[in-house]
> 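Before anything else, here's the structure in question.
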Number of protein chains: 2
Amino acid sequence: MDLSSKSEYALLALLELSPHYPSGEPLQIRQIASQQNIPDRYLEQLLATLRRGGLVKSQRGARGGYLLARDPWKITLYDVVSCIEGFEPQADPAQVSDTPEARVIQGMWTEVRQAAEGVLQKYTLQDLVEKRNAQQQVDIMYYI
Amino acid sequence: MDLSSKSEYALLALLELSPHYPSGEPLQIRQIASQQNIPDRYLEQLLATLRRGGLVKSQRGARGGYLLARDPWKITLYDVVSCIEGFEPQADPAQVSDTPEARVIQGMWTEVRQAAEGVLQKYTLQDLVEKRNAQQQVDIMYYI
DNA sequence: GTATACTCCGGTTCTCCACTGGGGTTTGCA
DNA sequence: TGCAAACCCCAGTGGAGAACCGGAGTATAC
């Protein structure tokens, strides 16, 4: 029941990209990685998945990098996590021992999953950025 | 984001034990296992953890077996899953790269976790048993 | 006292996560 | 044109955990 570092890294990276979105200037892997303490060769793969998932765009060549594919308030955390974690292959016809008990348990588990996904769907990257900014304000207040 | 078979097996086993609780008669591993299609040597380990977690009691020797440690409505699904999955070692002082971004993400993730745990806490074994019974009634209606 | 259960300990196979590395290809710029 | 800076793709590795299997021991009812 904990966040994989895959997803955490992806969220951190997108959080770095968010403020750069309006300018249209791409950010390089190395910069994001060093900023957030992420192994860069690993982050590369995560960004590739995010690109295939249509969440970021890449610019190749010198002075290339990554930028968000759309506005930060149009990307929910659910978009990110589901893209990176790759769920919804749910309907594979693996015989899941279809006793009445198993069905009841499955039912309640989808309820659990929906509760979790509901939280993820209500937050966007924009929300995270604003929370961070608010947090930093508080830090400054305490610092003074 | 899916239920491990560990937890599913444990829930199925406890679901089998629930109706036998009032009689005080223990159920054997073999019976539960064959009833629910669970590898018995594996179920044995799960029941051992449930015992150590105080959810079931064991009776050794001939005509021994397992029975619930308390009433089915006093055991929440959260009790079961947390016992079997063993979470809440949360507070290990592993340095979790304490950037402001990381803190914001951690915050929203605890919200996700709490949403999921909330669902698990509101259901008891008794609820599952009743749901299963209701489900079986429906099945019979359709069968006629 | 013996068959029937649980108990404890160990090993095995498999999959996935979290990386690391070695090539490529595309692009800006001198 | 050359070349370095970036992305792109594929492959492998090490460790951890999941999902088991097996055997030797121990308690208990009959």
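Every heavy atom of this structure was used, including side-chain atoms; hydrogens, water molecules and symmetry mates were not. Order of the sequence lines fixes the chain letters, A, B, ..., with proteins taken first and strands second; residue numbering starts at 1 for each chain. Small disclaimer: the values here were computed from a predicted structure and weren't measured.
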> Rounded to whole Å, how long is the line connecting atom CG of A/Leu27 with atom P of D/dA5?
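Rounded to the whole Å, the gap is 18 Å.
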> Is the number of heavy atoms from other residues, nucleotides or ligands under 6.0 Å of A/Arg30 CZ greater than 12?
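Atom CZ in A/Arg30 is not packed in, count stays at 12 or less.
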> Taking 4.0 Å as the cut-off, does a side-chain nitrogen or oxygen of B/Ser4 come that near to OP1 or OP2 on D/dA18?
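So the side chain of B/Ser4 is outside the cut-off, no N or O lying under 4.0 Å from OP1 or OP2 of D/dA18.
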> A/Asp40 CG to D/dA5 P: how many Å, rounded?
15 Å
> Under 6.0 Å from the CZ atom of B/Arg63, do we count more than 12 heavy atoms belonging to anything else shown?
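Counting other residues, nucleotides and ligands, CZ of B/Arg63 stays at 12 neighbours or fewer.
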> Would you say B/Tyr9 places a side-chain N or O within less than 4.0 Å of OP1 or OP2 belonging to D/dA18?
no
> How is A/Ile29 classified with respect to the nucleic acid when contacts are heavy atoms under 4.0 Å: base, sugar-phosphate, or nothing?
sugar-phosphate
> Take A/Arg63 and B/Ser58, find for each the nucleotide of DNA chain C with the closest heavy atom, and name the residue whose nucleotide sits nearer the 5' end.
B/Ser58
> So, A/Ser4 side chain and A/Ser7 main chain: donor-acceptor pair closer than 3.5 Å or not?
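Side chain of A/Ser4 to backbone of A/Ser7, a donor-acceptor pair under 3.5 Å: yes, one is there.
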> With sugar-phosphate meaning primed atoms plus P, OP1 and OP2, does A/Gln59 contact a base, only sugar-phosphate, or nothing at under 4.0 Å between heavy atoms?
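Sugar-phosphate only.
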> With a 4.0 Å cut-off on heavy atoms, is A/Glu44 in touch with a base, just the backbone sugar-phosphate, or nothing at all?
base
> Would you kindly give the CZ-to-C1' distance between A/Arg41 and C/dC17, to the nearest whole Å?
17 Å
> To the nearest Å, give me how far apart OH (B/Tyr66) and C1' (D/dA27) are.
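About 13 Å, once rounded to whole Å.
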> With a 4.0 Å cutoff (strictly under), does any side-chain N or O of B/Arg51 reach OP1 or OP2 of C/dT7?
yes
> Can you tell me which nucleotide in D/dA6, C/dC6, D/dC21 comes closest to the side chain of B/Gln28?
C/dC6
> Are B/Tyr42 and C/dT13 close enough that a side-chain N or O sits under 4.0 Å from OP1 or OP2?
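It does not, given that no N or O in the side chain of B/Tyr42 lies less than 4.0 Å from OP1 or OP2 of C/dT13.
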> In whole Å, I'd like the distance from the CG atom of B/Asp2 to the C1' atom of D/dA18.
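Taking atom C1' of D/dA18 as the reference, CG of B/Asp2 is at 12 Å.
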> Check the hydrophobic clustering (I, L, V, M, F, W, Y; side-chain heavy atoms under 4.5 Å; chains of links allowed) and say if B/Leu15 and B/Leu67 are grouped together.
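Hydrophobic grouping puts B/Leu15 apart from B/Leu67.
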> Verify the contact: side-chain N or O of B/Arg52 to OP1 or OP2 of C/dC8, cut-off strictly under 4.0 Å; return yes or no.
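For C/dC8, OP1/OP2 do have a side-chain N/O of B/Arg52 under 4.0 Å.
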> Would you say the base of D/dT28 and the side-chain of B/Arg60 have a donor-acceptor pair closer than 3.5 Å?
no
